[in-house]
Amino acid sequence: MAIADDLKKTLTDPTPLYFAAGTADLAVQQAKKVPDLIEQLRAEAPARIEAVKNTDPKAVQDAVTAKFNEVLGAIDPKKLGETAQDLALRGVGVAAEYAVRAKETYDKVAVHGEQAVRSWRGEVSAEIVDIAVAVEPETGTQAEPASEPVAEAAAEDKPVAKKSPARKSTAKKVAVTADDAS
């Protein structure tokens, strides 16, 4: 049963879809920057090309040769084995660090994707709903006149509060009571 539960959880988890949506949204945001970058490159290209044309190939070759000789002179054959082991251990540590960073980035992009999907759907974020609920009683009691019929007040509250079935039944009871009293 644990395998079936794990499989069900994996197949119903929306996080990979939110990650894909977040990636697409971020790609669109970056694509919007491309025209500006092209204009910048177009403006800088002549100066860069001219600098490359004016560079002396012999000077570049001498600089690279000097740097290469410096690196080769610093290598000690006796310490090469120790350095290889040290680099291997560092590589494992770096790989673990990158795995942690990758998971954090995955989670951030998934959250961004979830927000993007909500905005694409036109849904209001939970934080805005919490603020609206906190502010609503103050503005609702001051703005609504007392002479307003109960059915109209229930219809106005319906889109804001998502407990519309309970409000409908209350409005019907009030309407039935009002009809009985007439």
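Side-chain atoms are counted along with the backbone in the values below, which use heavy atoms only and exclude waters and symmetry mates. The first residue of the sequence shown is numbered 1, and numbering continues consecutively from there.
Under a 4.0 Å N-O distance rule, the pair Glu114/Arg118 qualifies as a salt bridge. A salt bridge links Arg42 with Glu39: the distance from a Lys NZ or Arg NE/NH1/NH2 to an Asp or Glu carboxylate oxygen falls below 4.0 Å. Between Asp5 and Lys9, no side-chain nitrogen of the basic residue sits less than 4.0 Å from a carboxylate oxygen of the acidic one, so the salt-bridge criterion is not met.
Within the model, atoms CZ of Phe19 and OG1 of Thr105 stand 8.5 Å from one another, a figure rounded to the nearest 0.5 Å. Rounded to the nearest 0.5 Å, atoms CD (Gln61) and OG1 (Thr65) are 5.0 Å apart. Considering CG of Asp56 and CG of Asp62, their distance stands at 8.5 Å, rounded to 0.5 Å. Separation of atoms CG (Leu72) and NZ (Lys67) is listed at 12.0 Å; rounding is to 0.5 Å. Here CG of Asp36 is found 11.0 Å from CG of Leu41. Values are rounded to the nearest 0.5 Å.
Heavy-atom neighbours of Ile3 CD1 from other residues, nucleotides or ligands within 6.0 Å: at or below the threshold of 12.
Among pairs with a residue in residues 15-24, those fulfilling side-chain hydrogen bond (donor to acceptor under 3.5 Å, both in side chains) read Asp13-Thr15, at least two apart in sequence or across chains.
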Passes salt bridge (charged side-chain N to carboxylate O under 4.0 Å, His left out), Glu97 versus Arg101? Steps please.
-> CA-CA 6 Å; Glu97 182 180 344; Arg101 285 186 186 177; 2.6 Å; yes
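Judged purely by atom type and a 3.5 angstrom limit, Asp25 has no side-chain atom pairing as donor or acceptor with the backbone of Ala21.
Residues Gln29 and His112 are in side-chain contact: their nearest non-hydrogen atoms beyond the backbone lie under 4.5 Å apart.
A single hydrophobic cluster is seen to contain both Leu26 and Tyr106, as judged by linkage of ILVMFWY side chains at heavy-atom distances under 4.5 Å, directly or through other members.
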